[in-house]
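Note that the structure is predicted; figures quoted are calculated from it, not measured.
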Amino acid sequence: MNDFAGMEELMQDFLTEASDLLSDVDSKLIDLEKQPHDRDLLNIIFRGFHTIKGGAGFLNATELVTLCHLTENLFDNLRNGELVLNADLMDAIFAATGEVRLMFDALAQYRQPDAAPPHLISALHAALNGEVVVVSTVAPQEVMLESAVNNALSSSVASPEWDVLYQALVTTSPVQVQVGSGAISVSSAAAPPSPAATQAPLPPAGGVETSPPELRSFGRRGTDTPGNKAPAAGRRENEAGKDNTIRVDTDRLDQVLNLSGEIGLTKNRLTHLRTDILQGRSDAAILLALDESVSQLDMLVVNLQNAVMKTRMQPIGRLFNKYPRLARDLARQLGKDVELVLSGEETEIDKTMIEDLNDPLVHLIRNAVDHGVESSEQRAAVGKAAKSLVHLSAQQEGDHIIIRITDDGKGMRPEVIRNKAIEKGIISAESASSLDDEQSLSLILLPGFSTKEEISSVSGRGVGMDVVKTNIEKLSGTIGITSVPGKGSEFTISLPLTLAILPVLLLRLCNQSFAVPLSLVREILSVPPNDLQQIAGKATMVVRGEVLPVLSLASLIGWEQTDKPEVGVLMQIDKNSFILSADGFAGHDDVVIKSLDTFRPKGVAGVTMSSEGEIILILDIKELFGELSR
């Protein structure tokens, strides 16, 4: 049923603006908690709720108007000095913003939102009456959650009752709000949800945990179990294309328009020269003018391509600004004092990658707060400051974006991780003995790895980090881990600036060209037959003292090898190096990837077209190598 028939376009405009306003309010609330007497922040938050209320009133969204009006009045009293801000009052305010976001979800489906929980409305009224509001600690409601989860899963392991489960996660048992001498019960559904939780339940932080085999991970996608491949870039099917709008600076659009005009003029010049050549004029002056025009067109097309790519680039701060709220909520739930510090928010990255980075970053931040940092008591015992700091930063290095998540917590010990991996049967003792510290830390990214002994509603199921690694790799990125015991850990994500254009190396096989990502290529070398050696029936070659397997391109794609390969490409995938042999090279290029939406052969990432008009398959070397390894 559509409660807003004929107002769909107005609704979309309202939700776009109001969602940005609410995100800004969330960000400002985090700042306000540190500076509770900052009148500028109070005024900005007040205006945010006032603007949302006005738009909701125009659309006759009565319940949203009611909630925003109460919260707006609350901030009016705060800025007038009639109320004093404290942490428990902040919990109630965050609960209100969480409820507003849930109402936005209802409006996005063109239906009137339900009324806010009565307990929340009562608490806000009590605060407005000048009484002191004290909210009890936001602690995990473990018993009720576990019972609800078991009930949801008991009917069918294959298909748990997600409605029951969702209600258990967002409407757990009430907590008490004391107002003056009385007490008002406020449902913990009013507790501030994480940014991602307003869309759909996310898997818990997965880092270093343990998961009994008889328990199925709850609050996750069906594919989010150890060892399963996550959906492309961690997105659910019903989220595909969810946000297909983008905000572009008008200066960038003006640049595209100007370049388009110059290309039009150059095209007219080429048309005139073509007419002269067809009429038999081919003297040196004509040929020189033709060469200049083609060179100018080439420069303009490159500039236009770069300008169009810039329209897809967005500041990563639009994503980062969601996470201080997430870290704050989780820290209060766990009884820790944690501050998330952001830097590099102005760094730009492809819009589609920003969306797909959300799930991995949520996992890593939750992992840092839950596993990485200690409680205030534990930190005091070892001489650390009571407040833990988690840094989230981004910067551009060459044609890559580097994202770092750093904490000042207890760090990880490689030997402990190796022993846990052996205990869980993930690797053998013999394999573990050959791992260096960096490789040992990377074991936490393997499916099912965990060192945590207890499962909670936040973590303990050994899935999250596996999902992080899978999703980052789907963005053609890599993840690295460093850690100093007692000092903290750092997770480093390296991503290409954009997925739309890919530098490739072109290989020839049986008069057909294939493209492989240039980022995987370490070296190009010849493969003389006399240098090949057979070890255990497999071809190998020694390169500067290192014995490397030689894999033919023909065998990888299932073709019959007709001629002996003459050239090889030394490639590296994660920690694995090998030589890919082919008939020859056709150069290198920056190509635009065309995806195969209806049919995608195994090992093919997409297609492109050469300057001669030849269709070239872009190979997914990681997938082909993974199939071969099995």
Side-chain angles (χ1 to χ4, degrees), residues 398 400 414 418 421 426-443 445-446 469 473 476-482 494 502-589 602-603 605 617-630:
H400 279 69
R418 284 195 296 267
I426 295 176
I427 60 173
S428 65
E430 182 181 357
S431 299
S433 63
S434 64
L435 299 178
D436 58 25
D437 287 350
E438 182 180 354
Q439 293 170 327
S440 298
L441 293 175
S442 297
L443 291 174
L445 301 173
L446 295 179
K469 182 174 183 288
E473 288 179 346
S476 300
T478 60
I479 180 170
I481 308 170
T482 58
S494 177
L502 179 69
V504 296
L505 180 68
L506 301 176
L507 303 178
R508 297 292 294 180
L509 180 67
C510 301
N511 297 320
Q512 172 69 40
S513 293
F514 294 90
V516 297
L518 202 58
S519 60
L520 303 179
V521 176
R522 281 175 48 189
E523 187 178 347
I524 297 173
L525 37 78
S526 60
V527 185
N530 295 336
D531 289 351
L532 296 180
Q533 303 176 15
Q534 295 293 322
I535 298 179
K538 297 182 179 179
T540 62
M541 183 174 167
V542 179
V543 179
R544 287 185 292 279
E546 183 180 5
V547 179
L548 299 173
V550 178
L551 308 176
S552 69
L553 178 57
S555 64
L556 278 183
I557 63 176
W559 283 20
E560 182 179 352
Q561 185 72 55
T562 55
D563 300 323
K564 290 185 178 181
E566 298 179 357
V567 298
V569 182
L570 178 53
M571 310 193 75
Q572 182 168 354
I573 300 177
D574 297 329
K575 300 297 181 181
N576 301 307
S577 297
F578 63 93
I579 297 173
L580 183 65
S581 60
D583 294 346
F585 296 113
H588 64 88
D589 202 355
K602 185 176 295 184
L617 296 180
I618 302 172
L619 301 180
D620 188 336
I621 296 296
K622 291 184 179 180
E623 183 176 12
L624 290 172
F625 183 76
E627 290 293 324
L628 190 65
S629 299
R630 296 190 186 98

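For Ser476, there are no side chain to side chain donor-acceptor pair (under 3.5 Å) partners, not counting sequence neighbours. Taking the side chain to side chain donor-acceptor pair (under 3.5 Å) definition, one finds that Ser428 meets it with Ser431, sequence neighbours left out. With sequence neighbours left out, Asp583 forms a side chain to side chain donor-acceptor pair (under 3.5 Å) with no residue at all.
Scanning both residues, Arg418 and Ser440, for their nearest heavy atoms gives NH1-OG, 2.7 Å. Minimum heavy-atom separation, Leu556 to Leu580: CD1-CD1, 3.4 Å. Minimum interatomic distance between Lys622 and Gly477 (heavy atoms only, all atoms of both residues): NZ-O, 4.1 Å. Shortest non-hydrogen contact noted between Pro517 and Ile621 is CD-CG1, 4.3 Å.
For His588, the NE2 atom sits in a loose shell: 12 or fewer heavy atoms of surrounding residues, nucleotides or ligands are nearer than 6.0 Å.
Between the CG atom of Leu507 and the CD atom of Gln512 there is a distance of 11.5 Å, given to the nearest 0.5 Å. Rounding to the nearest 0.5 Å places CG of Leu443 at 4.5 Å from CD1 of Ile427. Between Thr478 atom OG1 and Ile573 atom CD1 the span is 13.0 Å, to the nearest 0.5 Å. To the nearest 0.5 angstrom, Ser513 atom OG is 10.0 Å from Leu617 atom CG.
The backbone N or O of Asp436 lies less than 3.5 Å from a partner atom in the side chain of Gln439, making a donor-acceptor pair.
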Trace of the side chain to side chain contact (heavy atoms under 4.5 Å, CB included) decision for Leu551 with Leu624
CA-CA 11 Å; Leu551 308 176; Leu624 290 172; over 6 Å; no

Which is it for Val567 and Ile524 under the side chain to side chain contact (heavy atoms under 4.5 Å, CB included) test, yes or no, and what are the steps along the way?
CA-CA 8 Å; Val567 298; Ile524 297 173; 5.7 Å; no

Assess whether side chain to side chain contact (heavy atoms under 4.5 Å, CB included) is satisfied between Leu445 and Ile481, documenting all intermediate values.
CA-CA 10 Å; Leu445 301 173; Ile481 308 170; 4.0 Å; yes

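No side-chain heavy atom of Val504 sits less than 4.5 Å from a side-chain heavy atom of Leu518. With contacts defined as side-chain heavy-atom distances shorter than 4.5 Å, the pair Val516/Leu553 does not qualify.
Pairs of residues two or more places apart, or lying in two chains, never qualify as ring-ring contact (aromatic ring centres under 6.0 Å, His included) while including a residue from residues 531-553. For residues 518-556, no pair satisfies ring-ring contact (aromatic ring centres under 6.0 Å, His included), with sequence neighbours left out. Annotation: side chain to side chain donor-acceptor pair (under 3.5 Å) contacts involving residues 519-535, sequence neighbours excluded, comprise Arg522-Gln572, Arg522-Ser577, Glu523-Arg544.
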